[in-house]
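Below: one structure, written as structure tokens.
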Amino acid sequence: MKRIQEIQQNLERLAEMDEHLEQCEEWNVVAQEIVQKLSTIRKEVERSAAPTPLLLTPPGSCGSGSIYSDISSEMTNVYTEAVEAYDQQIYSRCVRLVEGANRESPVDMCLISLAHHSYAEMVNAASGSDDAMKFAKWWAEFLDSVEAGRGHSEKIELLDYEAVAYEKIVKLGGVADVEKLIEVVVRSYEMVTLLNRPYHILSLQKLFRLTNVLSSSEVDLESDAFSSAKTVVLTGIQNVLRDRKKFAQLGKFNEHNMKIAMRRTAQPDFRVRYCEKR
């Protein structure tokens, strides 16, 4: 209870500063992570408290910023059945449940996450390379089909999922899909940089991933896709260096102001003058 009270107190203070939050560069990213983690914790506690607790499921992804975030009772039933199928390692049933629900109405990220991890298990457990490739293709097609209409943060997550699927396809011999992999990773990087400054850790992570993909032996160095992505990387590096310089200058400016503030507060008459102003 003590931790809950601390969280409530901090939320109340943030609510008072609501109009200033958007000026905080990392607010949206941090808030999204907190919402997802709290949602995961709540689900785990609910399962533990249930008379017949469910088994653990793959990492949840229940973002709150989607246009599909309102979950009907019917969708809840689908989620429960999909969880049970995954826990029982009946991955094909889990995928069928999610894809069937998606044909009726767009599903949320929790169900997409279940299908994504189920497809990964199906590919890994396939008896031959042909079956593995077939499942991997279906995997990528499914992720591509659920992207439309979602918010930026969910699209970025879906692109990350899709990149995993295409990486598996390429490893299985689908060299023709290398360009699709490059396209997905480039889109992911560009979307992240729309929300974050170039020197932000998330932007850097996506840029590093793109460079890793381009350094793969399967990539055709003469292709238009490689040339275009290489330009993205070089431009990205230049933006990072410029932004890092601004960041360092801002840090020095803030450090200078902090020192001035510390000197002022150290003056003997500071408390007196401060209280008089109050």
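Between Val233 and Leu207, the shortest heavy-atom distance links the atoms CA-CD1, 4.0 Å. Shown here for Pro198 and Val240, the closest heavy-atom pair between the two residues is O-CG2, 3.4 Å. Considering all non-hydrogen atoms of both residues, Cys94 and Ala85 come closest at N-CB, 3.8 Å. Of all heavy-atom pairs between Ala82 and Leu111, the closest is CB-CD2, 4.1 Å. Considering every non-hydrogen atom in both Leu181 and Ala163, the closest pair reads CD1-O, 3.6 Å.
Listed for the Ser216 side chain is no donor-acceptor partner under 3.5 Å among the backbone atoms of Val219. Counting only distance, with no hydrogens or angles, the side chain of Ser228 and the backbone of Ala225 share no donor-acceptor pair below 3.5 Å. At least one donor-acceptor pair under 3.5 Å links the side chain of Thr211 to the backbone N or O of Phe208. The backbone N or O of Arg197 lies less than 3.5 Å from a partner atom in the side chain of Ser203, making a donor-acceptor pair. Within the 3.5 Å criterion, the main-chain N or O of Phe142 finds a donor-acceptor partner in the side chain of Ser145. For the pair Ser118 (side chain) and Leu114 (backbone), a donor-acceptor distance under 3.5 Å is present.
Between Arg150 atom CZ and Asp108 atom CG the span is 7.5 Å, to the nearest 0.5 Å. Here the CD1-NZ distance, from Ile169 to Lys180, works out to 10.0 Å after rounding to the nearest 0.5 Å. Note that CG of Leu202 is 13.0 Å distant from CE of Met191, once rounded to the nearest 0.5 Å. Of the inter-residue distances, the one linking Asn196 atom CG with Gln205 atom CD reads 10.0 Å to the nearest 0.5 angstrom. His117 NE2 to Ser113 OG: the interatomic distance, rounded to the nearest 0.5 Å, is 4.5 Å. Of the inter-residue distances, the one linking Tyr189 atom OH with Leu204 atom CG reads 8.0 Å to the nearest 0.5 angstrom.
With contacts defined as side-chain heavy-atom distances shorter than 4.5 Å, the pair Lys168/Asn124 qualifies. By the 4.5 Å heavy-atom criterion applied to side chains, Val178 and Asp220 are not counted as neighbours. Looking at His200 and Val192, their side chains never come closer than 4.5 Å, going by heavy atoms from C-beta outward. Inter-residue side-chain proximity for Glu84 and Ile90 is flagged as unmet; no heavy-atom pair is nearer than 4.5 Å. Put simply, the side chain of Ile156 reaches to within 4.5 Å of the side chain of Leu195, judged on heavy atoms. The side-chain heavy atoms of Phe226 and Leu214, taken from C-beta on, include a pair separated by under 4.5 Å. Asp131 places none of its side-chain heavy atoms less than 4.5 Å from the side chain of Met122. By the 4.5 Å heavy-atom criterion applied to side chains, Tyr119 and Leu143 are not counted as neighbours.
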Any chance you could lay out the side chain to side chain contact (heavy atoms under 4.5 Å, CB included) test for Trp138 and Val95, step after step, and finish with the verdict? CA-CA 10 Å; Trp138 290 350; Val95 166; over 6 Å; no

Could you give me the CA-CA distance, side-chain angles and deciding distance for Val164 and Trp139, then say whether side chain to side chain contact (heavy atoms under 4.5 Å, CB included) is met? CA-CA 10 Å; Val164 173; Trp139 181 10; 3.9 Å; yes

Could you go step by step and tell me if Leu172 and Val123 meet the side chain to side chain contact (heavy atoms under 4.5 Å, CB included) rule? CA-CA 10 Å; Leu172 289 169; Val123 171; 4.2 Å; yes

Does the side chain to side chain contact (heavy atoms under 4.5 Å, CB included) test come out yes or no for Lys137 and Asp177, once each step is laid out? CA-CA 10 Å; Lys137 291 276 190 179; Asp177 287 292; 2.7 Å; yes

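Cluster membership for Ile201 and Ile237, using ILVMFWY side-chain heavy atoms within less than 4.5 angstrom, is shared. Connection of Leu234 to Val185 is not established within any shared hydrophobic cluster, with ILVMFWY side chains joined at heavy-atom distances below 4.5 Å, either directly or through further cluster members. Hydrophobic cluster membership is shared by Val232 and Leu221, with clusters built from Ile, Leu, Val, Met, Phe, Trp and Tyr side chains linked at under 4.5 angstrom.
With salt bridges taken as basic N to acidic carboxylate O contacts below 4.0 Å, none links Glu162 and Arg187. A salt bridge does not link Lys171 with Glu218: every distance from a Lys NZ or Arg NE/NH1/NH2 to an Asp or Glu carboxylate oxygen is 4.0 Å or more.
Using modelled atom types and a 3.5 Å distance limit, the side chains of Arg242 and Asn239 yield a donor-acceptor pair.
For Lys206, the salt bridge (Lys or Arg N to Asp or Glu O under 4.0 Å) test picks out Asp160, with sequence neighbours left out.
Under a cut-off of 6.0 angstrom, the local environment of NZ in Lys155 is crowded, with over 12 non-hydrogen atoms contributed by other residues, nucleotides or ligands.
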